[in-house]
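Heads up, the thing below is written out as structure tokens.
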Amino acid sequence: MSLKAVAIPGEHIKINTDPYTEPFWQKAKQGILTAAQCGACGHFRMPPTSYCPKCRSQDTKWPDLPGTGTVYSYVVCHKAPFAGIPDFTYIPVVVDLDGAPGARLVTNLFDIDPEEVTIGMKVKVEFNPIQDDWMLPIFRPA
Amino acid sequence: MVWVNQDKCAIVGVGATKYYVRGQSWPRTINDMICEAVIKACDDAGLSVEQIDGFAYYSTASAGYGEKMDTATFMEMLGIPEVGFSAAITSGGGGSAGSMGLATAALMNGDTKYCITVMGLQQYHKRLGLAYSLSEPDAQSSFLQPSGLVGPGHLMSVLFRRHMHLYGTRREALAEIVISQRENAIPRETAVRRNPLTVEEYFQSPMLADPHCRLDYCLETDGAVAVITTTSDRAKDLKQKPVYIHGAAHGGRHEWGRAFAWMGMPTDEYFASSGHKPVGQRLWDMSGVGPQDMDVALIYDHFSSMVLMQLEDYGFCKKGEGGPFVESGAVRYKGGSIPVNTHGGQLSEGYIIGMTHIREAVEQLRGVAVNQVKDAEFALCTGGPAHLPVSGCVLRR
Ligand SMILES: [Zn+2]
């Protein structure tokens, strides 16, 4: 028997933003998954940074993505990631984002038996409320 | 093209403290331990501490990842009259082996005559393994930390999972790395972990970030190791047989970049790797030797899977064949084709962010190692696969 992986409790998760990353998090608040895309050449980059590494443009677009993706790699953890809370099973996962070639998100996969996770499986986004009223994109099996 | 500074500088002294289990070095201070290592290195070389006149650090001159190494403080503590060089390779443990190149640059430029490279580590106030989870994330690490990848061992496990997927690599290969290094640590009085380890015990070790179990993580230890480098001309007059710096390179490519703090490595060739391949190629090109010429390899082992992927990236086996290569017994001290981490490494002897590997290379090439490789002439040392730069050096007797 193995326990289903769960989302990390959002009240323990904090993020910070800067002017170049904040649009990602503002869209997440609206329930939309996005990624930084160069306005000049179309190249995607994640995490968002202040220049396009292909053409050095600072023009950045934030397209609405379909919110689906493919598991590129993952690990399975059974110990709580912070002290002072009971252990649970969670799955850090690297997801190739549909609609944003080359962009990956380092996130969690939840609502799945760890034995059933495979590289290449399709996943879809959900949003986990975290500290300071931000929303964190995490994934469940599609 | 062979490096213009090949064999023109040498390691002439090594000094180290005892390796302590994390936190047990207190009430010693980190600067106390660093100075002990420097004084012992001078004694080993037959030099007076007052002859030291340069410092070539790595890891951005941090001691561990929380405290700073400060040349002026060391001058004040040790009575060093004057220095002409004080600089560091950036980032973290990735630069450890490359520091021999920085020292060479300083010596050949005439900035220093007797140069110290040192690392000290004391995990009394803060544990390195939790470095990511203990601090509030910045705008960039806010794309990493919420995933619960709490430290480097968790992060690198993601890379190794991809390697398993692509090439069918098995955890048995990691078991072989861990167990072979433990075997090497058993006869060594310097080693923190000396109890024999079986395959069964390996597979019973708790999973911290599947596929990495606790035994795949390096030790948490305190201590300091220092080496002294000088020009080969000066080395001739000193106490020890010189160990020549035959090649040294640090750097790496954009495709690896911030590596597992980024996870954007665009191809499998880079993602399921140690990031060392470009530096390894440069090192072989500049040194005029190759993996087949190495008698012993001191491979940075913060996590066992990174030993496997470095063996591929340095060409000891083909890409993707690290698993079968290791499982064949190739890295064993006894009977292996390339003995790896004959000191027990950071997995079993002690973790001083790469310096124990340089220490062991020197002992092997002087012919005085505990697990001596017969007639060892060439040793490879590498720095930790991580955020660039990463590094390697070839040392020669
Ligand atoms: Zn662009």
Side-chain angles (χ1 to χ4, degrees), chain A residues 5 7-10 12-22 24-25 44-50 53 71-83 88-96 101-109 114 117-120 128 130-131 134 136-139, chain B residues 127 129-130 132-168 206-214 216 253-255 257-268 270-272 303 305:
Chain A
I8 296 173
H12 294 280
I13 299 177
K14 186 168 175 62
I15 60 145
N16 280 294
T17 67
D18 67 22
Y20 298 100
T21 66
E22 185 159 337
F24 175 91
W25 298 106
F44 280 96
R45 62 185 188 273
M46 283 295 288
T49 48
S50 51
V71 171
Y72 185 74
S73 194
Y74 68 97
V75 299
V76 180
C77 303
H78 299 292
K79 286 180 73 70
F82 350 86
F88 54 89
T89 297
Y90 68 98
I91 301 176
V93 63
V94 177
V95 174
D96 276 327
R104 294 196 184 121
L105 206 57
V106 184
T107 174
N108 287 127
L109 182 61
V117 183
T118 56
I119 288 176
N128 188 21
I130 58 171
Q131 287 182 28
W134 293 111
L136 180 72
I138 57 174
F139 288 76
Chain B
R127 288 176 71 179
L130 296 174
Y132 294 96
S133 61
L134 291 177
S135 52
E136 193 172 297
D138 60 22
Q140 282 293 309
S141 56
S142 289
F143 288 88
L144 191 70
Q145 202 166 305
S147 69
L149 292 168
V150 294
H154 285 56
L155 291 159
M156 285 179 237
S157 194
V158 181
L159 274 52
F160 184 62
R161 168 81 65 188
R162 186 79 190 166
H163 197 281
M164 294 170 81
H165 169 76
L166 290 168
Y167 307 115
M207 275 294 191
L208 297 187
D210 188 350
H212 278 169
C213 67
R214 182 171 289 152
D216 294 313
R253 281 192 61 86
H254 175 269
E255 289 88 338
R258 290 193 290 137
F260 39 81
W262 171 43
M263 299 290 187
M265 297 80 104
T267 60
D268 283 328
Y270 279 95
F271 192 95
F303 301 97
S305 61

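Here is how names work: the chains are called A, B, and so on, in the same order as the sequence lines, proteins then strands, and each is numbered from 1. Note: hydrogens, waters and symmetry copies are ignored here, and every other heavy atom, side chains too, is used.
- Taking each heavy atom of B:W262 and A:V106 in turn, the nearest pair found is O-CG2, 4.3 Å.
- Ranking A:T118, A:L136, A:V76 against chain B, the residue ahead of the rest is A:V76, based on heavy-atom pairs under 4.5 Å.
- Contact annotation for B:P146: both backbone and side-chain heavy atoms come within less than 4.5 Å of a heavy atom of chain A.
- The aromatic rings of A:W25 and B:F143 sit tilted, their planes meeting at an angle between 30° and 60°.
- Interface remark: B:H212 contributes no atoms to any contact with chain A (heavy atom separation under 4.5 Å).
- The main-chain N or O of A:N16 is found under 3.5 Å from a side-chain atom of B:S142 such that the two form a donor-acceptor pair.
- The shortest non-hydrogen separation linking B:P211 to A:V75 is CD-CG1, 4.1 Å.
- Neither the backbone nor the side chain of A:F82 comes within less than 4.5 Å of any heavy atom of chain B.
- No donor-acceptor distance shorter than 3.5 angstrom exists from the side chain of B:R161 to the backbone of A:S73, with no hydrogens or angles considered.
- Counting only heavy atoms from C-beta outward, the side chains of B:L208 and A:K79 approach each other to under 4.5 Å.
- Under 3.5 Å, the side chains of B:D210 and A:Y74 contain no donor-acceptor pair of N or O atoms.
- In this structure, the separation between CD1 on A:I15 and CD on B:E136 is 10.5 Å, given to the nearest 0.5 Å.
- Listed here is the closest heavy atom pair of A:P48 and B:Q140: O-NE2, 2.9 Å.
- Put simply, of B:G148, B:P266, B:P206, B:A272, the one with the most heavy-atom pairs under 4.5 Å next to chain A is B:G148.
- Options A:P137, A:A83, A:C77, A:P47 differ in how many heavy-atom pairs under 4.5 Å they form with chain B, and the most are formed by A:P47.
- B:P137 approaches A:K14 most closely through the heavy-atom pair CG-O, 3.2 Å.
- Summarising the geometry, atom CD belonging to B:Q145 is positioned 10.5 Å from atom CD1 belonging to A:I8; distances are rounded to the nearest 0.5 Å.
- Within the 4.5 angstrom heavy-atom criterion, atoms from both the backbone and the side chain of A:I119 approach chain B.
- For the residue pair B:A139 and A:T17, the shortest heavy atom distance occurs at CB-C, 3.7 Å.
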